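Working notes, beginning with the structure itself.
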Amino acid sequence: FFQSLLPTAGHDDAIALGRLKVNPDAVPGEFKYHMLLVQGGQRPPDFQGHVQVVVTALQGNEKVVLALPPVADGKLREFQLNFKSFQRVEGAFKLAPGAVVKTVQVRVYQNGSSAPKLTKSVTIS
């Protein structure tokens with residue numbers, strides 16, 4: 001699955017989701033994701049914070065929601081952000097074999113703020 005999202009006009013230091021890819025892995029039920037976060041402006045300040053990925057899937061007739069990282073592990077290094085212009089983020093998640101990913105929501109939080117600076121939902125299938 002591939003989704004390209006162009007940054008929206010407006011705030012110079014706005015954070016945008018440049019690209020999001022979610023691909024099934026060789027093992028049934030395992031998926032890999034890749035995204036590109038972009039900060040606008042000619043001389044943007046360093047952005048520091050973290051990203052959260054929320055996956056909504058259908059397993060049979062049951063809706064399944066998976067948050068990455070799990071709330072207790074919010075400070076895991078792979079979810080930390082520190083960049084001036086852009087940062088690539090990639091990772092993997094596991095669902096039950098046969099589960100179908102429906103939407104992926106990306107939330108970007110700036111250090112010191114409990115409200116996300118960016119929330120973007122992408123419909124996958």
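Predicted model only: the values in this text are computed from it and were never measured. Position 1 is the first residue of the sequence; numbering continues from there.
The closest side-chain heavy-atom distance from V22 to K32 is not below 4.5 Å. Contact check for L36 versus L17: no side-chain heavy atoms found under the 4.5 Å cut-off. Between F83 and Q39 the shortest side-chain heavy-atom distance falls below 4.5 Å. Contact of the T123 side chain with the K102 side chain is not registered, since no non-hydrogen atoms from C-beta on lie closer than 4.5 Å. You'll find the side chain of F47 reaches within 4.5 Å of the side chain of V108, heavy atoms only.
No continuous path of ILVMFWY side-chain contacts below 4.5 Å connects V54 to L20, so the two sit in separate hydrophobic clusters. Linking ILVMFWY side-chain heavy atoms closer than 4.5 Å, directly or via other members, places V122 and I15 in a single hydrophobic cluster. Put simply, M35 and L118 are part of the same group of oily side chains (I, L, V, M, F, W, Y) that touch within less than 4.5 Å, one to the next.
For residues 103-112, no pair satisfies salt bridge (Lys or Arg N to Asp or Glu O under 4.0 Å), with sequence neighbours left out. Applying the side chain to side chain donor-acceptor pair (under 3.5 Å) rule to pairs touching residues 54-70 yields T56-T103, sequence neighbours excluded.
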Using a 3.5 Å cut-off and no angle test, enumerate the donor-acceptor pairs between side-chain atoms of residues 85-100 and protein atoms at least two apart in sequence or in another chain.
{"residue": "Q87", "atom": "OE1", "partner": "N82", "partner atom": "N", "Å": "2.9"}
{"residue": "Q87", "atom": "NE2", "partner": "Q80", "partner atom": "O", "Å": "3.3"}
{"residue": "E90", "atom": "OE1", "partner": "H34", "partner atom": "ND1", "Å": "3.3"}

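Taking the centre of each ring, Y109 and H50 come in below the 6.0 Å mark.
Each of V53, V55, V101 was evaluated against Y33; a single residue qualifies, V53, per the side chain to side chain contact (heavy atoms under 4.5 Å, CB included) test.
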